[in-house]
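All chains are named by letter (A, B, ...) in the order of the sequence lines, taking the proteins before the strands, and each is independently numbered beginning at 1.
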Number of protein chains: 2
Amino acid sequence: MKVLAEQPISENADQELARFAKALGHPTRLQILQLLDSQACCFTGDLVEVIPAAQSTISQHLKELKNAGLIQGEINPPRVKYCINKENWRKAKLLFTAFFEE
Amino acid sequence: MKVLAEQPISENADQELARFAKALGHPTRLQILQLLDSQACCFTGDLVEVIPAAQSTISQHLKELKNAGLIQGEINPPRVKYCINKENWRKAKLLFTAFFEE
DNA sequence: ATCGTTTATCGTAGATTTGCGATGAATCAA
DNA sequence: TTGATTCATCGCAAATCTACGATAAACGAT
């Protein structure tokens, strides 16, 4: 059986923040997140039209963002609609805010 | 002539934020930043005592944080005193805040 | 000049990341 | 069933990251 949301079982704040930060550590991934956050959601193809990279490359970045928990994909054949994972987005925001205000 | 603060000449917000995020994307570097921010500053040796990694490894992480512009080192022979780079720390905080609140 | 202390850098090995084209999987339409 | 569409995954190469021990560099003290 395939686990859908594959996040580590136990993780301290540092590890979680590092995981989020790492996912944000690439301009293309930032651009994807900004696009997903400005519009409600969008399909992979929409991103491919806007972002100057191969389809496979964008798909790979989407996978990493999904593994980091920052986005989620909903199958909508033959397309996949991606959205921000609001719960983790909020969690990331809190972690970053706390980090910079300690 | 050696340039001390080696940041790219021109960089858009995405690239800069990605650079900061990438530097934050490792637990050890987060720990270093937290230590530097809690105390005013400290020497490399102080970090080596607290963080479970080899001296050369920590020195390397310090270098990356310095290259990202998040910290700065002041030579105090035979030691080096590291501090948060407050200007860029503030800049990073603003970029992250803006990113999560757009 | 030599020694001890502190830190950076070098060299290396293994792991991970990045990017791409090619291919595969899933689905709908004809 | 055959195509067409959309997207993920595979396989690969190059680059970067990570960690470490060993060594070098800088300096004060003796």
Side-chain angles (χ1 to χ4, degrees), chain A residues 2-6 8 14-15 17-33 35-36 39 41-68 70-83, chain B residues 2-6 8 14-15 17-33 35-36 39 41-68 70-83:
Chain A
K2 192 76 173 300
V3 176
L4 291 182
E6 41 199 305
D14 261 16
Q15 287 171 332
L17 180 53
R19 182 164 55 83
F20 287 139
K22 193 174 178 183
L24 298 183
H26 193 289
T28 298
R29 290 196 289 270
L30 287 180
Q31 198 180 349
I32 290 172
L33 289 170
L35 288 167
L36 289 183
Q39 310 164 38
C41 298
C42 66
F43 300 113
T44 306
D46 300 333
L47 299 171
V48 174
E49 284 180 9
V50 175
I51 297 171
Q55 179 263 324
S56 61
T57 301
I58 291 172
S59 197
Q60 207 168 323
H61 283 305
L62 286 169
K63 186 181 180 183
E64 286 179 46
L65 288 171
K66 202 168 54 181
N67 285 342
L70 289 172
I71 66 173
Q72 56 200 172
E74 181 189 322
I75 296 176
N76 200 332
R79 313 191 201 175
V80 177
K81 189 173 67 175
Y82 281 103
C83 310
Chain B
K2 193 77 172 300
V3 177
L4 290 183
E6 42 198 305
D14 261 17
Q15 288 171 332
L17 180 52
R19 183 164 55 83
F20 287 139
K22 193 174 178 184
L24 298 183
H26 193 289
T28 298
R29 291 197 287 271
L30 288 180
Q31 198 180 350
I32 290 173
L33 289 170
L35 289 167
L36 289 183
Q39 310 165 37
C41 297
C42 66
F43 299 113
T44 306
D46 300 334
L47 299 170
V48 174
E49 283 179 9
V50 175
I51 298 169
Q55 179 264 322
S56 60
T57 302
I58 292 173
S59 196
Q60 209 169 323
H61 283 305
L62 286 169
K63 186 180 178 182
E64 285 179 48
L65 289 172
K66 202 167 54 179
N67 285 342
L70 290 172
I71 66 173
Q72 56 200 172
E74 180 190 322
I75 297 177
N76 200 333
R79 312 191 202 173
V80 177
K81 189 173 69 176
Y82 281 102
C83 310

Single hit among A/D46, A/L36, A/L65 for side chain to side chain contact (heavy atoms under 4.5 Å, CB included) with A/Y82 =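 Result for side chain to side chain contact (heavy atoms under 4.5 Å, CB included) with A/Y82: A/L36.
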Would you mind reading off the distance between B/I58 atom CD1 and C/dA8 atom C1', rounded to a whole angstrom?
->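 Those two atoms, CD1 and C1', are 13 Å apart.
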Between B/L62 (CG) and C/dT6 (C1'), how many Å, whole number?
->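 Between C1' of C/dT6 and CG of B/L62: 13 Å.
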Base, sugar-phosphate, or nothing: which does B/S59 touch, judged by heavy atoms less than 4.0 Å apart?
->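 Counting heavy atoms under 4.0 Å across all strands, the contact made by B/S59 includes a base.
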Which nucleotide sits closest to the side chain of B/V80: D/dT6, C/dA8, C/dT9?
->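 The answer is C/dA8.
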Between protein and nucleic acid, restricted to nucleotides 15-17 of chain D and to nitrogen or oxygen atoms under 3.5 Å apart, what atom pairs and distances do you find?
{"unit_1": "D/dC17", "atom_1": "OP1", "unit_2": "B/K22", "atom_2": "NZ", "d": "2.7"}

Taking side-chain contact (heavy atoms from CB on, under 4.5 Å) as the definition, give me every residue that meets it alongside [X], ordered by chain and number, with sequence neighbours left out.
X: A/Q39; answer: A/L35, A/C42
X: A/S56; answer: A/A54
X: A/K81; answer: A/C41, A/F43, A/E74

Which atoms of nucleotides 21-28 of chain D (N or O only) lie under 3.5 Å from a protein N or O atom, and what are those distances?
{"unit_1": "D/dG21", "atom_1": "N7", "unit_2": "B/S56", "atom_2": "OG", "d": "3.2"}
{"unit_1": "D/dG21", "atom_1": "O6", "unit_2": "B/S56", "atom_2": "OG", "d": "3.2"}

So which of residues 46-53 of chain B are in contact with DNA chain C, with a heavy-atom cut-off of under 4.0 Å?
->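 The stretch gives none, as no residue of it lies under 4.0 Å from the strand.
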So which one's nearest nucleotide on DNA chain C is more toward 5', A/G25 or B/K63?
->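 Residue closer to the 5' terminus by nearest nucleotide: B/K63.
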